[in-house]
Amino acid sequence: MTKPIILTGDRPTGKLHIGHYIGSLKNRVAMQNEGIYDTFIMMADQQALTDHAKEPQKIIESVGNVALDYLAVGLNPEKTTIFIQSQIPELAELSAYYMNLVSLNRVLRNPTVKTEIDQKNFGEGVPAGFAMYPISQAADITAFKATHVPVGNDQAPMIEQTREIVRAFNHAYSCDVLVEPEGIYPENENAGRLPGLDGNAKMSKSLNNGIFLADDADTVQKKVMSMYTDPSHITVSDPGKIDGNMVFTYLDVFGRAEDAADIAEMKAHYQAGGLGDVKTKKYLLEILERELAPIRARRAEYAENMDAVYAMLKKGCERAEAVAAGTLSEVKRAMGLTYFG
Ligand code: TRP
C-alpha cells in the first residue's frame with residue numbers, strides 16, 4: 001500500500017502563537033514522527049497576498065519567522081517537506097484549470113470566505129483573488145495527492161470544495177488522477193481555537209492577546225500575570241468562577257495527564273474561595289514554560305543561522321515542485337493538452 005499523504009499549511013502573516021501550537025503544530029509534529037505519512041507543510045504566501053497585495057514585505061518577513069517557528073516546535077525537514085507556495089508555479093497552473101469546474105456562485109457561497117469578507121475591511125472591494133482562494137487551496141492539496149489535511153474547523157468548507165473539484169475533474173476527464181482528501185479536525189474545542197489572554201474568542205496578533213513562540217520568558221510571565229480571570233473574584237477569600245476564566249481554560253488545554261489531579265484540586269479550591277489569582281497564574285506559568293522554554297531555545301539557535309534556514313526551505317521547495325510537476329503533467333495529459341507528444 002502507498003503511504004498516506006498529509007498536506008497542510010499556514011498563511012504567513014506574522015509569528016505563530018501558542019494557539020497555533022496547541023491547535024495544530026503539536027499534532028503535525030506527532031504525525032510527522034509516527035512515520036506512516038508522507039508530510040508536506042506549506043507556507044501559503046500567495047494566499048496571504050490575496051488580502052495583503054500591497055504589503056508583500058510583511059508576508060515575506062513572516063515566511064522567515066514561521067519557518068523558525070516550525071523548526072522550533074520540532075518539524076524536521078528530513079521527515080517533512082517544508083515549502084513556500086509562491087515558489088511552486090504548478091499550483092497556480094492547476095488553479096487555472098480548476099476554476100473552470102466551479103461556478104462563481106459556488107465560490108461565493110463558501111461560509112468561511114463569507115465570514116472573512118465580513119470581517120476584513122476590503123475598502124476597494126473584495127479582490128477577485130481572495131474570493132477564489134479556496135480553488136487555489138484545492139490546487140495545493142491535490143498537487144500532492146494529499147489523502148489527509150489536518151486543519152482547523154474553519155477550513156472544513158475548503159476541504160469540501162476540494163472534494164467537489166476532485167470529483168468534477170475526474171468525471172469531466174474520465175480519469176482518476178486526482179485524490180479526494182479527508183480533513184482531520186481538532187478534537188478539543190478550546191485547543192482547536194484557543195481563546196485570547198483577554199478572554200476574547202480568538203487569539204490573534206491584531207487583538208494583541210496572544211503568547212508567541214518567539215516571546216522571551218519575561219514577556220510570557222507578564223502576559224500570564226495579566227490574563228483575564230473572574231472579575232467578581234476580588235479578594236482571595238471570594239469564591240471564584242472556573243468557566244470563562246482563562247487561567248483554568250489554559251490549564252485544561254496545556255496540562256498533561258500527570259497534572260490532572262493538581263488541576264482538579266486547584267479548581268475546587270478556587271471555587272470554594274481562598275485561592276488567589278496570583279497562585280493559579282504562577283502554576284499556569286510553570287506548565288506553559290515546561291513546553292515553551294525548549295521551543296524558545298531551539299528557535300534562538302536556528303535564528304542564529306538564517307542562511308541554513310533558507311537553504312532548508314529551498315530544498316523543500318525543490319522537492320515539492322517535483323511532486324507538483326508530476327501531478328500537473330498527469331492533469332494536462334488527462335485533459336488532452338499534449339500537443340507535441
Ligand atoms: N487557508 C489556510 C489557513 O488560512 C492555509 C492554507 C492554504 C492551507 N493552503 C492550504 C491549509 C492547503 C491546508 C491545505 O490557515
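Just follow the structure's listing: the first ligand is 1, and inside any ligand the first atom is 1. Remember, it's a predicted structure, so these values are computed and weren't measured experimentally.
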The single option from Met31, Lys3, Lys79, Arg28 that satisfies side-chain contact (heavy atoms from CB on, under 4.5 Å) with Tyr37 is Met31

What do you reckon, does Arg11 have a nitrogen or oxygen under 3.5 Å from a nitrogen or oxygen of ligand 1? yes

Does a side chain donor of either Tyr70 or Thr80 reach within less than 3.5 Å of an acceptor in the other side chain? no

Students should be able to answer this: which protein heavy-atom is nearest to atom 9 (N) of ligand 1, and at what distance? Asp140 OD2, 2.8 Å

Atom indices of ligand 1, in the order listed, that fall short of 4.0 Å to a heavy atom of Leu7: 12 (C), 14 (C)

For Ala44, take its heavy atoms, then give the atoms of ligand 1 lying under 4.0 Å from any of them. 7 (C)

Supply the atom-to-atom distance Met203 CE to Arg193 CZ, rounded to the nearest 0.5 angstrom. 11.5 Å

With salt bridge (Lys or Arg N to Asp or Glu O under 4.0 Å) as the criterion, how do Arg296 and Glu289 come out once you've worked through the C-alpha distance, each side chain's angles and the decisive distance to 0.1 Å? CA-CA 10 Å; Arg296 182 184 303 131; Glu289 278 297 295; 2.8 Å; yes

Close-contact set for ligand 1 against Val149 heavy atoms, below 4.0 Å: 13 (C), 14 (C)

heavy-atom search around atom 8 (C) of ligand 1 in the protein gives Gln137 NE2, 3.4 Å

Starting from atom 15 (O) of ligand 1, what is the nearest protein heavy atom, named by residue and atom, and what distance separates them? Gly9 O, 4.1 Å

Presence of salt bridge, Arg11 and Glu116, under 4.0 angstrom: yes

With no hydrogens and no angle check, just 3.5 Å: does a side-chain donor-acceptor pair link Tyr228 and Asn209? no

Among Leu94, Ile88, Val323, Leu91, which residue satisfies the side-chain contact (heavy atoms from CB on, under 4.5 Å) criterion with Leu328? Leu94

Nearest non-hydrogen atom to atom 2 (C) of ligand 1 belongs to which of Gln85, Met158, Gln155? Gln155

From the list Asp69, Leu194, Val73, Val29, side-chain contact (heavy atoms from CB on, under 4.5 Å) partner of Tyr21 resolves to Val73

Contact (N/O only, under 3.5 Å) between Tyr133 and ligand 1: no

closest protein heavy atom to atom 1 (N) of ligand 1 is Gln47 OE1, 2.7 Å

Near Met42, which atoms of ligand 1 are under 4.0 Å from a heavy atom of that residue? 7 (C), 9 (N), 10 (C)

Can you tell me which portion of Thr8 lies within the under-4.0 Å heavy-atom range of ligand 1? Options are side chain, backbone, both, or neither. both

